[in-house]
Amino acid sequence: MKILVKVPATTANLGPGFDALGLALDLWNETEFIATQDYQISVSVSGEGEGKLPLNAENAIVEAALKIYDLVKKPCTGLRIHCVNRVPIGSGLGSSSAALLTGLLGGNALLGSPFNEEEILKLAIEIEGHPDNVAPAMLGGLVASIVYEERVISLKLPARANRSPMHVTVVLPDFDFPTKQARAILPKQVDRADAIYNISRAVLVTEALRTGDLDLLGKAMSDRLHQPYRLPLIPGAQAAMQAARQAGAAAVALSGAGPSLIAFSARDGAEIGAAMQRAFEQAGLSARIFRLGTSYEGAEVSIL
Ligand code: HSE
């Protein structure tokens with residue numbers, strides 16, 4: 001039996017929605033799983049992470065798939081996995097969440113789906129520690145999450161029908177900024193004024209993305225809880241944000257914990273991407289440009 005799992009890239013935080021808001025992007029990892037009887041685990045990777053990601057049991061997709069076998073107490077008799085990766089690793093586009101979800105969904109499908117979608121998402125959130133990448137990767141679209149009585153509730157917010165296209169430009173500098181480090185530098189306590197600043201804006205960012213109101217998005221997409229601490233550590237990031245706005249972006253934010261930046265615009269993002277790339281280059285970093293759309297669809301599992 002062959003299983004194909006497709007999981008999209010995601011951008012978390014969206015400015016003020018730290019650890020709460022996330023959006024699926026139209027950039028996909030596609031992974032094939034074959035159950036074997038040879039008690040071997042083999043992984044091959046083409047595309048992003050090729051030559052860098054582990055190809056044995058230390059691979060994040062394998063670990064997640066084996067977690068499902070453990071949970072249902074079934075032995076794994078062997079796995080052959082092939083990954084076609086388009087989501088850059090360590091970028092702020094949810095590559096580790098995509099790997100986690102891919103493994104959980106692949107293992108689950110190989111075992112005849114002992115867990116439903118909600119249970120897989122719950123498990124992924126528990127393992128990841130915050131919901132803002134895994135939830136939109138699973139559900140698609142714009143997703144807001146809360147913790148309620150020790151349970152995460154993730155809600156996909158319906159997008160307006162016929163909304164005008166929103167162009168998304170992600171620029172990824174060649175800079176190592178692990179999420180663990182990007183979280184460790186944040187203060188444990190926040191000022192009340194900063195909390196109010198973010199709460200009010202997060203509501204309006206959600207509404208602006210839901211309705212496609214780029215003017216409102218531009219006014220609301222700013223943050224005082226994480227970006228002020230993270231941006232100065234990424235060379236050229238503050239200049240790149242400014243350059244994006246000058247080149248016509250309606251709104252720009254750090255994507256997840258970075259180091260990539262994400263810009264939203266009504267028109268095609270070619271000039272915006274080039275302007276951001278130049279700003280990073282002036283700070284001594286090469287940078288890659290991804291011109292994307294958003295995805296209303298989330299993870300998909302097919303039995304081939
Ligand atoms: N909300 C998370 C953060 C996203 O900003 O640290 C990155 O995983």
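Counting begins at 1 with the first residue of the sequence. Remember, it's 1-based here, ligands and their atoms both numbered in the order they're listed.
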Ligand 1 atoms nearer than 4.0 angstrom to some heavy atom of T179 are 7 (C), 8 (O)
Note: ligand 1 atoms sitting under 4.0 Å from heavy atoms of R183 are 1 (N), 2 (C), 3 (C), 6 (O)
Residues 186-202 vs salt bridge (charged side-chain N to carboxylate O under 4.0 Å, His left out), sequence neighbours excluded, gives D194-R224
For F18, the ligand 1 atoms with a heavy-atom partner under 4.0 Å come out as 3 (C), 5 (O), 6 (O)
Rounded to the nearest 0.5 angstrom, the CG-CG distance for N198 and D223 is 4.5 Å
Between E207 and R210 (salt bridge meaning N to carboxylate O under 4.0 Å), is one present in this structure?
yes
Within the structure, does E128 bring an N/O atom to less than 3.5 angstrom of an N/O atom in ligand 1? no
- For ligand 1, is H226 a contact, meaning one of its heavy atoms is under 4.0 Å away? no
message = Looking at ligand 1, is there an atom of it that comes within less than 4.0 Å of some heavy atom belonging to Q227?
response = no
Numbered in order shown, the ligand 1 atoms found under 4.0 Å of a heavy atom of D19 are 1 (N), 2 (C), 3 (C)
Query raised in the report: Taking the six-membered ring of F115, is the NZ or CZ of K122 close enough (under 6.0 Å from the centre) and on axis enough (within 45°)?
Result: no
Is it true that the side chains of T11 and S255 contain a donor and an acceptor less than 3.5 Å apart? yes
For D132, the ligand 1 atoms with a heavy-atom partner under 4.0 Å come out as 1 (N), 2 (C), 4 (C)
*asked:* Under 4.0 Å between a side-chain nitrogen and a carboxylate oxygen: does that hold for R288 and E48?
replied: yes
So the atoms of ligand 1 within less than 4.0 Å of a heavy atom of R230 turn out to be 3 (C), 5 (O), 6 (O)
The atoms of ligand 1 lying under 4.0 Å from a heavy atom of N133, numbered in the order shown, are 4 (C), 7 (C), 8 (O)
